[in-house]
Amino acid sequence: MANRQSGGSNTAGGGAQRPNGAPQNKICQFKLVLLGESAVGKSSLVLRFVKGQFHEYQESTIGAAFLTQTVMLDDTTVKFEIWDTAGQERYHSLAPMYYRGAQAAIVVYDITNQETFARAKTWVKELQRQASPNIVIALAGNKSDLSAKRMVDHDEAYAYADENGLLFMETSAKTAMNVTDIFLAIGMFL
Amino acid sequence: MDKSTSSAVSGTLGEGEEQSVLEIPLESEALAHRKQSDLQNESGFITDDNLGIIESGDGGKRESIPGGNDDADGNTFSSCVGSFGTKEEEEQQASSSDPEALTVELTKALDDLSVTTSGSESEQIQSNGVEAIRDDNDSDMSPLWRSHKHHVFILSEAGKPIYSRHGNEEKMVTFFGLLQALVSFVQSDGDTIRGVKVGETSIVFLVKSPLILVCVSQMSESISQIESHLTYFHNQILSILTAKQLQTIFEKRKNYDLRRLLSGSERLLNNLAGLIEVDPSFVLGAVRCLPLANTVRDSISQTITTVLNKHKPSVSVVFALLVTNCQLVSIVRMKKVFMHPMDLHIILNLIDSSESFKTVDSWVPICLPRFDSSGFMYAHVSYLAEDCQACLVLLTTDRNSFFPLSEAKQKIVDRLRKQNSLDAINASMNNKWPTMSYVNVPEVRHFLYKAKCRAQFVSPVLDVPYLDHNTEDEESPPEELSRDCPRAAKKISPELERLYSTYYRMHSRLHAQARPVKIIYWVDDKENWLGWNTSNFELYVALEPLIKKSAAISAVNKLINWVQKEERRIFIVHAPTF
Ligand SMILES: Nc1nc2c(ncn2[C@@H]2O[C@H](COP(=O)(O)OP(=O)(O)OP(=O)(O)O)[C@@H](O)[C@H]2O)c(=O)[nH]1
Ligand SMILES: [Mg+2]
């Protein structure tokens, strides 16, 4: 069931945009869910991807938020239907509702906080056990702009992702680094 | 103050001799009516217990409180510790066996509390037979912390900190422990501590097992009003966790640190605290409505009803609400269910505290404690459109119906746009109405009118002297912005604070347990005041000073006439059902 979301109708910035050209006939649509500990920057990543914005005082999500974004990938129109879930512990039991039908998941941690990386690993495990078997999982080490306070080693996370067959990128919702890229990488993969 | 009484009151104000205070006892007939209005009302969309916010839950027990402690004029020294012996035996805390140790603890707790009472010398506080001398000595709390006039603390019965309105509760562990000791000490006598009034400061306790809520306030609310504020806080927590979950958690582990489960909701509690300070709707137990022509409102409600009916049975919406700026535009409900004003305030607070709802469609589990405190409902929350900032809330019990509701929402928006309702909503939001000059009763400066059976109220757009245009741009002390408090707190001018606190004093007088009155007429050096409680409405009016009482009476009658004439535009008089 498609949702016409007023905010997310325009195409994403970056190199994926294509003004006109040959008529595009392929349209792809897929469901994506963001998971991870509270305050790692899930909502910030989505907000950056969908609206190109960043808020220093981004509110903690209550329940879950649904957004859409359409981008051009080569000659295919890709529509992302995104569930941005709340990372607070009390919402954990609701998560299956959102990842059940998802084709892709971005599991987010905060590179300045080791615990959020551990939490990301348990999310990956849960997805591998409970979500659809061919779900594409990406691991995002967010807040890469705060590398001075880094607590999670890049190579360690990369090795973990590699072992588990996850896409991996370090991102920054604040500087926009790798944000569109991680979504597009998932799009390419599907 | 003169408390002379008279019994001649009917539909309009009777002429009385000039006197500074006129108070007329509440007749038993009106009391009976109050009970009736608790149940339902003619327009039938909100169950209203009007005054009942205060009496909620254990209203009956209140009768046994020793009289007089609702007296709002009681600026007197140390007025009471009300207690009533109804609480079941609670598990006692460790130290309660040693009365001497507790007395010391209690003394210290009161010392700590005293940091919020301004500039008073040593005073004695009577607390259930224990006398404690306190004086203004040092404490860990910073001057900034002390400067706040309104503190709210929430803790578990085991004394674990859960929430503090100001300051970091983590750093106040000892303080919370002492609050807990105070409560459990009184409980050990089979009593429940209710409140202490010291000088200008009220310290009020609300024990709602497994939680203890405490408010320390220097505003002029009465103890009952503060209790009702604490009840809102309690409801707010229930709405996040449900009463059932809360109970289960603490049955398993008395020492549970509830902040783990509440983290991320601080902004709801902070926002609620902010609203309570600036918005009379909490004391009144009523909501404001967006003024709209009756026909426009009806067609909005009708559109919502029609679209949602078409989507049956795949969606089954229990309540649909349309809200702008804490004002209700429309409410539609399932047959035989009612929205309690306290539940409505939870929804209004949720919307008011969440900037992020403006840009996304949200799916929010929420418990409405008055509707069903044991389970969650799911709210589809979204703003109508970028060009119409009204928030539509569709509440259902089916957690899987987000997408059908999204579809329904889009249809509702399309239809509302076609019938120009979006424009009408925008126009009303931009058009500050009603102004006092529109109401056109020159003797009246400001008023609150609550239609009791509807649990709705109206007040005019603020103007001088209550809206101080100069202070608006003045730099106010920067409120710590944070993720939990993303917006600067709303501020009200000192004049408006004075206006509201006088209204609250009148409200308290009209609803006092002991010797409630029907009409109050007060004169002070800035305004004349009238408070009037009838079976249909509650009215609070600030009148020009130096006005003769006869002129005041005719002004108030004109005001009431105006409200009745505009009723269908001011209030929601008709709430359709699915
Ligand atoms: N420096 C920096 N801060 C970030 C970044 N991404 C998010 N933040 C900040 O981190 C905080 C939390 O961000 P959110 O996007 O609300 O986190 P969340 O994962 O959605 O949290 P929940 O909704 O509670 O699950 C906010 O104050 C953001 O401004 C980033 O890339 N760099
Ligand atoms: Mg979030």
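Just so it is clear: chains get the letters A, B, ... in the order the sequence lines come, proteins before strands, and each one is counted from 1. Both backbone and side-chain heavy atoms feed into the values below; hydrogens, waters and symmetry mates do not.
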Pick one of side chain, backbone, both or neither for B/I240, based on which atoms fall under 4.5 Å of a heavy atom in chain A. both
Which atoms of A/A39 are under 4.5 Å from chain B, going by heavy atoms: the side chain, the backbone, both sets, or neither? both
Is there a side-chain contact between B/F376 and A/L94 (heavy atoms, below 4.5 Å)? no
Can you tell which of A/S38, A/A64, A/S43 has the highest number of heavy-atom pairs within less than 4.5 Å of chain B? A/A64
Please assess A/R90 against B/S265 for the test side chain to side chain contact (heavy atoms under 4.5 Å, CB included), listing each intermediate value before the final yes or no. CA-CA 11 Å; A/R90 65 178 177 280; B/S265 347; 3.0 Å; yes
Looking at chain B, which one of A/E89, A/Q53, A/H55 has the largest number of heavy-atom pairs inside 4.5 Å, strictly under? A/E89
Just do the side chain to side chain contact (heavy atoms under 4.5 Å, CB included) check on A/I62 and B/R267 with the steps written out, would you? CA-CA 11 Å; A/I62 302 181; B/R267 79 164 192 272; 3.4 Å; yes
Taking all heavy atoms of B/S356 and all of A/E59, pick out the closest pair and write down the distance. OG-OE1, 2.9 Å
Could you tell me whether A/Y158 atom OH has more than 12 heavy atoms of other residues or ligands within 6.0 Å of it? no
For A/G63 and B/P365, work out which heavy atoms get closest and say how close. CA-CD, 3.6 Å
What distance separates A/W83 CH2 from B/W363 CH2, expressed to the nearest 0.5 Å? 7.5 Å
If I compare all heavy atoms of B/S263 with all of A/Q88, which pair ends up nearest, and what's the gap? OG-OE1, 2.7 Å
If you count every heavy atom of other residues, nucleotides or ligands that lies below 6.0 Å from B/K244 atom NZ, does the total exceed 12? no
